[in-house]
Number of protein chains: 2
Amino acid sequence: MSDAVDAIIGQWAKERPDVVEDLWPVQLFGRIQRLARVVDKSARAAAAAHGVEHGEFDVLTTLQRSGPPYTLTAGAFLKASMVTSGAITNRIDKMEAKGLVERVRDGDDRRTIKIRLTEHGHEVTRAAFADHLANYAQLLADVDRDLVDKTAEGLRQVLETLGDTTIK
Amino acid sequence: MSDAVDAIIGQWAKERPDVVEDLWPVQLFGRIQRLARVVDKSARAAAAAHGVEHGEFDVLTTLQRSGPPYTLTAGAFLKASMVTSGAITNRIDKMEAKGLVERVRDGDDRRTIKIRLTEHGHEVTRAAFADHLANYAQLLADVDRDLVDKTAEGLRQVLETLGDTTIK
DNA sequence: CTTGATAATCTCAACGTTGAGATAAAAGCA
DNA sequence: TGCTTTTATCTCAACGTTGAGATTATCAAG
């Protein structure tokens, strides 16, 4: 059987037979790209059901899993999120307006801003995260569990080789 | 060894031990998400070196691999690209301004617009695509080839099960 | 202390995408 | 022929992100 990436490579084979040997990374990256799109779209919808953007949901879960006191600096999100500082500021701004988090100035270092999950933020996170996991499970409902594990393990090794070994 | 996703799951295990059993999809999707970001950023830079956006590069290669006469309708890009119609119109607008493609009205159906790769577009595509593949190879330079193939095969099966079987 | 360098966060214009709606042409049907 | 539905593309305001630069605070040296 063949998927969308096979079809794309098949087209290249006809039009540019000279590059076929160099297309093997496309087998991996092309599928990563397509899957990322599908999963992203689905996750976005799941978060939207709780009134939060995908990026905002990322902030919420990062705070939640950091444990008590559910407080992190803006810089911590920068390193954890793979986006730029402007995006983080924007996210926190909107989340503060929604009452999901609050900015707290630190006593020790007045450059840093601590972001704290509010009680309301806790509730939204709990509900949205449950839906998020249910959505993930739904997406993989018809996929063999062993295949998921083996493929995830393969991706882990690729990530390690690429140097993505920490939350940063 | 452990990567960023292991670290994230480790945090969840401490803070929310009740959900650990439901985190297995994260092993797959979390890594797909992170890898997509890394690869995307890299591909974006490679395309930018040739003066084209990532989305524009996608249009160029779609046209190129469609073969002679290197002409597709706007609707074909819609189905192939996983973005909305507004994005396609915007892309074609800018690419037309750059002289990469040209809009040609069809004789048979005057609703459809055919997008044709110009000679300049051909040249840019050839050069950018070569760099693109070199960049891909570079990213996977230190990764075992067999691991890449096996992981790509796993992702293909996931994509198939999710229903992404055609270019559409 | 003072000066310069470093660090953390915010500002803001530009950019690409979204998504609902508009426009216009073709197809189906009476 | 007229009328409605469908199809293809474009319009446009809102949105989140980028990326360079500004701001403010801390640190290191002298």
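Side chains are part of it too, since the values below use all heavy atoms of this structure and drop only hydrogens, waters and symmetry mates.
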Inter-residue atom distance A/Thr161.OG1 - B/Leu140.CG, 0.5 Å rounding: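 Taking OG1 in A/Thr161 and CG in B/Leu140, the distance rounds to 9.0 Å.
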Starting at [atom1] of [X] and ending at [atom2] of [N], how long is that distance when rounded to a whole Å?
{"X": "A/Phe77", "N": "C/dC10", "atom1": "CZ", "atom2": "P", "result": "12 Å"}
{"X": "A/Asn90", "N": "C/dA14", "atom1": "CG", "atom2": "P", "result": "17 Å"}
{"X": "B/Lys114", "N": "D/dA8", "atom1": "NZ", "atom2": "C1'", "result": "13 Å"}
{"X": "A/Ile92", "N": "C/dA8", "atom1": "CD1", "atom2": "C1'", "result": "14 Å"}
{"X": "B/Ile113", "N": "D/dT7", "atom1": "CD1", "atom2": "P", "result": "18 Å"}
{"X": "B/Ile115", "N": "D/dC10", "atom1": "CD1", "atom2": "C1'", "result": "12 Å"}
{"X": "A/Ile88", "N": "D/dT18", "atom1": "CD1", "atom2": "C1'", "result": "13 Å"}
{"X": "B/Lys41", "N": "D/dG19", "atom1": "NZ", "atom2": "C1'", "result": "11 Å"}

Measuring to OP1 and OP2 of D/dT9, would you say a side-chain N or O of B/Arg103 lies under 4.0 angstrom away?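 For D/dT9, OP1/OP2 do not have a side-chain N/O of B/Arg103 under 4.0 Å.
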Proximity to the side chain of B/Ala74 - top-ranked nucleotide from D/dT9, D/dA20, C/dG19: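 Nearest to the side chain of B/Ala74 among the choices is D/dT9.
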Any idea which of D/dT18, C/dT18, D/dT9 is nearest the A/Arg37 side chain?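 Looking only at side-chain atoms, A/Arg37 lies closest to C/dT18.
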Within the side chain of B/Glu96, is there an N or O that forms a donor-acceptor pair under 3.5 Å with the backbone of B/Arg103?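 Indeed, once roles are kept as given, a pair shorter than 3.5 Å links the two residues.
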Among all residues two or more places apart in sequence or in another chain, which pass the side-chain hydrogen bond (donor to acceptor under 3.5 Å, both in side chains) test with B/His122?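 Only B/Gln64 meet the side-chain hydrogen bond (donor to acceptor under 3.5 Å, both in side chains) criterion with B/His122.
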Partners passing side-chain hydrogen bond (donor to acceptor under 3.5 Å, both in side chains) against B/His50 (at least two apart in sequence or in another chain):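 B/His50 satisfies side-chain hydrogen bond (donor to acceptor under 3.5 Å, both in side chains) with B/Asp131 once adjacent residues are dropped.
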Between the protein and nucleotides 23-27 of chain D, which nitrogen or oxygen pairs are less than 3.5 angstrom apart?
residue: D/dT26; atom: OP1; partner: A/Arg110; partner atom: N; Å: 3.1

Could you tell me if B/Arg31 and B/Gln27 have a donor-acceptor pair between their side chains, going purely by distance under 3.5 Å?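 Indeed, the side chains of B/Gln27 and B/Arg31 share at least one donor-acceptor pair under 3.5 Å.
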Under a plain distance cut-off of 3.5 Å, with no hydrogens placed, do A/Ser81 and A/Asp58 share a side-chain donor-acceptor pair?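 On atom types as modelled, these side chains do not qualify, holding no pair under 3.5 Å.
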Under 4.0 angstrom, heavy atoms only, what part of the nucleic acid is [X] near: base, sugar-phosphate, or nothing?
{"X": "B/Thr89", "result": "base"}
{"X": "B/Thr84", "result": "base"}
{"X": "B/Gly75", "result": "sugar-phosphate"}

Between B/Val101 and B/Arg116, is any pair of side-chain heavy atoms under 4.5 Å apart?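 No, side chains not in contact.
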